[in-house]
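Working notes for the structure below.
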Amino acid sequence: MAVAALALNQQLLCFSNSKTRAKSKPWFPKRATLLNSQKKAHDFRVSCSSSPTFPSPEANTQTAQSCVNLGLSLFSKGRVKDALVQFETALSLDPNPVETQAALYNKACCHAYRGEAKKAADCLRTALRDYNLKFGTILNDPDLASLRASPEFKDLQEEARVGGEDIGYSFRRDLKLISEVQAPFRGVRRFFYVAFSAAAGISLFFTVPRLFLAVKGGDAAPDFWETAGNAATNIGGIIVLVALFFWDNKKEEEQLAQISRNETLSRLPLRLSTNRVVELVQLRDTVRPVILAGKKESVSLAIQKAERFRTELLRRGVLLVPVIWGEGRTPQVEKKGFGVSPKAPAALPSIGEDFEKRAQSVTAKSKLKAEIRFRAEVVSPEEWERWIRDQQKSEGVTPGEDVYIILRLDGRVRRSGKGMPDWSQLVQELPPMEALLSKLER
């Protein structure tokens, strides 16, 4: 869960440093909690414990603020049912708008953890519509991974899009920043393309009248061939520079598309052998997913052959991800959007758009390793199919063919090919997880 609860007195946000919370959120900023007020209450209880006087009645008074804080603490300890009760209690204590947003969001996280997608979506819908929750927060919270894999989330996302919400498509700005890092001199090249084209255009502007004079002839007429050569040089230069400019733009679009595919891939959900739903980004540095996409017969046969090399493949961190064509087709339904209520509070900080700043947690990684086995099940097969078909188009492969895609430990595509992989060759190609090459790949 990742949302802030606002302090009643100062109305300021401050992020929690809870160790238990860090364990369950390896790639997400820590939840904001009401530390100031909580600390004051804690200090008060300590002083009273050493005094013979009875505590003030106010010390035991429940507020929405205290219930949200207690709920967060219970959730971090795995007591999801008790945490849910606290968030429901907070909603019944006349909370202010920001406290209501916090309680609704964290209640949704509890429902998602319990597999109650419809209840979770209803809580988020209210928070989005009436309390100015940012959709980017929902997109990147690992505690909502199971919800994002459900049809209810697709409905919620479409409603938000129709209602004018930012549902994650505005990260093109961030993609451009990544593209500029990967190609740092593209902007400089474009500047020179434009500058030289402008210079050639100005020169051509003055050369054309001289060319007309040269054609007419006369004592004061310039040399025809020299003037024509200058005009041809300027025209040729403009054509070449404009062509280079558009070629650079095309390369940038291709690069942005690849970065976008990589980001989309990182968000695709999987169900591990323990029935836990995680996103692919949570498995980075832990496994090398091998995606097997094709007809059921082809994929099943490939998995059977992989069983012969199971031990060696596990040493290399291979996780099989079968995707069967046609399993994820669902009917399209027209959705209605929703607007923003005038009683919405000031927006909490959006923490869902920076997809390279997800914190790494060694403790959470070790817990995932215990859950990962040889094979995982895809959640939302239609999203997996869509990504694989886009990848096929980018590689010049006919969409729908049997393909395999091998990912690196850092989540990028290592290589891909038609048909199914040669497992013996793959064992020779991939280094064991404890090898130096594997450490460099992270």
Side-chain angles (χ1 to χ4, degrees), residues 145 148-149 257-273 276-310 312-329 355 368 371-431 433 438 441-442:
R148 288 192 293 272
Q258 182 61 50
I259 298 171
S260 178
R261 283 195 300 272
N262 290 341
E263 170 59 14
T264 301
L265 175 64
S266 71
R267 297 175 185 271
L268 294 178
L270 287 171
R271 180 174 284 108
L272 303 180
S273 58
R276 179 182 176 185
V277 176
V278 299
E279 292 177 337
L280 207 55
V281 66
Q282 295 176 256
L283 303 181
R284 283 181 182 174
D285 302 334
T286 306
V287 295
R288 292 185 174 101
V290 177
I291 303 170
L292 307 173
K295 298 177 182 177
K296 187 174 183 179
E297 298 79 9
S298 304
V299 174
S300 300
L301 181 59
I303 294 176
Q304 290 177 10
K305 292 181 178 180
E307 287 290 344
R308 304 173 191 171
F309 304 90
R310 182 187 182 98
E312 290 301 320
L313 290 174
L314 283 174
R315 281 193 60 211
R316 287 154 176 79
V318 170
L319 177 68
L320 302 184
V321 182
V323 180
I324 311 300
W325 294 135
E327 278 195 346
R329 294 175 184 172
F355 38 82
L368 275 176
E371 296 186 29
I372 294 169
R373 297 295 183 268
F374 189 50
R375 176 179 171 181
E377 176 188 351
V378 299
V379 183
S380 296
E382 68 278 1
E383 293 187 14
W384 282 88
E385 277 194 46
R386 189 181 307 118
W387 181 86
I388 294 171
R389 291 180 188 277
D390 289 342
Q391 186 71 12
Q392 286 178 320
K393 290 178 182 177
S394 69
E395 298 292 338
V397 179
T398 304
E401 289 190 34
D402 293 350
V403 294
Y404 66 89
I405 302 170
I406 304 172
L407 304 183
R408 295 160 47 97
L409 286 172
D410 60 8
R412 293 183 295 169
V413 176
R414 183 187 187 94
R415 68 178 176 88
S416 59
K418 296 181 181 180
M420 293 294 131
D422 183 336
W423 300 112
S424 60
Q425 179 184 348
L426 192 60
V427 168
Q428 297 296 323
E429 175 185 340
L430 298 177
M433 291 294 289
S438 293
E441 190 177 309
R442 290 181 170 91

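Each residue takes its place number in the sequence, starting with 1.
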Margin query: Within this structure, what is the CE-CZ distance for the pair M433 and R315, rounded to the nearest 0.5 Å?
Written below: 11.5 Å
Could you pull out all donor-acceptor pairs under 3.5 Å where a side-chain atom in residues 411-420 meets a protein atom, sequence neighbours excluded?
unit_1 : atom_1 : unit_2 : atom_2 : d
R412   : NE     : D410   : OD2    : 3.0
R412   : NH2    : D410   : OD2    : 3.1
R414   : NE     : E429   : OE2    : 3.2
R414   : NH1    : E441   : OE1    : 3.0
R415   : NE     : E429   : OE1    : 2.9
R415   : NE     : E429   : OE2    : 3.1
R415   : NH1    : Y404   : OH     : 2.7
R415   : NH2    : E429   : OE1    : 2.8

Item checked: Least distance between heavy atoms, A376 atom then P322 atom -> O-CD, 3.3 Å
Margin query: Ignoring hydrogens, what is the shortest heavy-atom contact between G294 and V299? Give both atom names and the distance.
Written below: N-CG2, 3.7 Å
Next item on the list: Taking side-chain hydrogen bond (donor to acceptor under 3.5 Å, both in side chains) as the test, write out the residues that go with E377, two or more places apart.
Entry: none
Check: At what distance, to the nearest 0.5 angstrom, does CG of L319 lie from CG of L313?
Finding: 11.0 Å
Note to self: Restricting to non-hydrogen atoms, name the atom on K393 and the atom on P399 that form the minimum distance, rounded to 0.1 Å.
What the structure shows: CG-CG, 3.8 Å
Notebook entry, point to check: Which heavy atom of W325 sits nearest a heavy atom of K295, and at what distance?
Noted result: CD1-N, 3.8 Å
Check: Can you name the residues that form a side-chain hydrogen bond (donor to acceptor under 3.5 Å, both in side chains) with Q391, not counting sequence neighbours?
Finding: R261
Check: When rounded to the nearest 0.5 angstrom, what distance separates CH2 in W423 from CD in E307?
Finding: 10.0 Å
Note to self: What's the separation between atom CZ in R375 and atom OG in S273, rounded to the nearest 0.5 Å?
What the structure shows: 11.5 Å
Check: Heavy atoms, side chains only, cut-off 4.5 Å: are L292 and P421 in contact?
Finding: yes
Next item on the list: Identify, with sequence neighbours excluded, every residue that meets side chain to side chain contact (heavy atoms under 4.5 Å, CB included) alongside P269.
Entry: A149, V277, V379, S380, E383, W384
Item checked: W387 vs I405, side-chain contact (heavy atoms from CB on, under 4.5 Å): CA-CA, chis, key distance, verdict -> CA-CA 11 Å; W387 181 86; I405 302 170; 3.5 Å; yes
Margin query: Test of understanding: with side chain to side chain contact (heavy atoms under 4.5 Å, CB included), list the residues that count as partners of L301, not counting sequence neighbours.
Written below: Q304, K305
Next item on the list: Can you sort out the partners of S300 under side-chain hydrogen bond (donor to acceptor under 3.5 Å, both in side chains), two or more places apart, ordered by chain and number?
Entry: none
Note to self: Determine whether L268 and V321 satisfy the following criterion, side-chain contact (heavy atoms from CB on, under 4.5 Å), listing intermediate values before the conclusion.
What the structure shows: CA-CA 11 Å; L268 294 178; V321 182; over 6 Å; no
Note to self: Run E279 and R148 through side-chain contact (heavy atoms from CB on, under 4.5 Å) and show every step you take.
What the structure shows: CA-CA 10 Å; E279 292 177 337; R148 288 192 293 272; 2.5 Å; yes
Check: Can you tell me how far CD1 of I324 sits from CD of E297, rounded to the nearest 0.5 angstrom?
Finding: 8.5 Å
Check: CD1/I388 to CD1/I291 distance, rounded to the nearest 0.5 angstrom?
Finding: 5.5 Å
Item checked: Partner set under side-chain hydrogen bond (donor to acceptor under 3.5 Å, both in side chains) for E312, not counting sequence neighbours -> R316
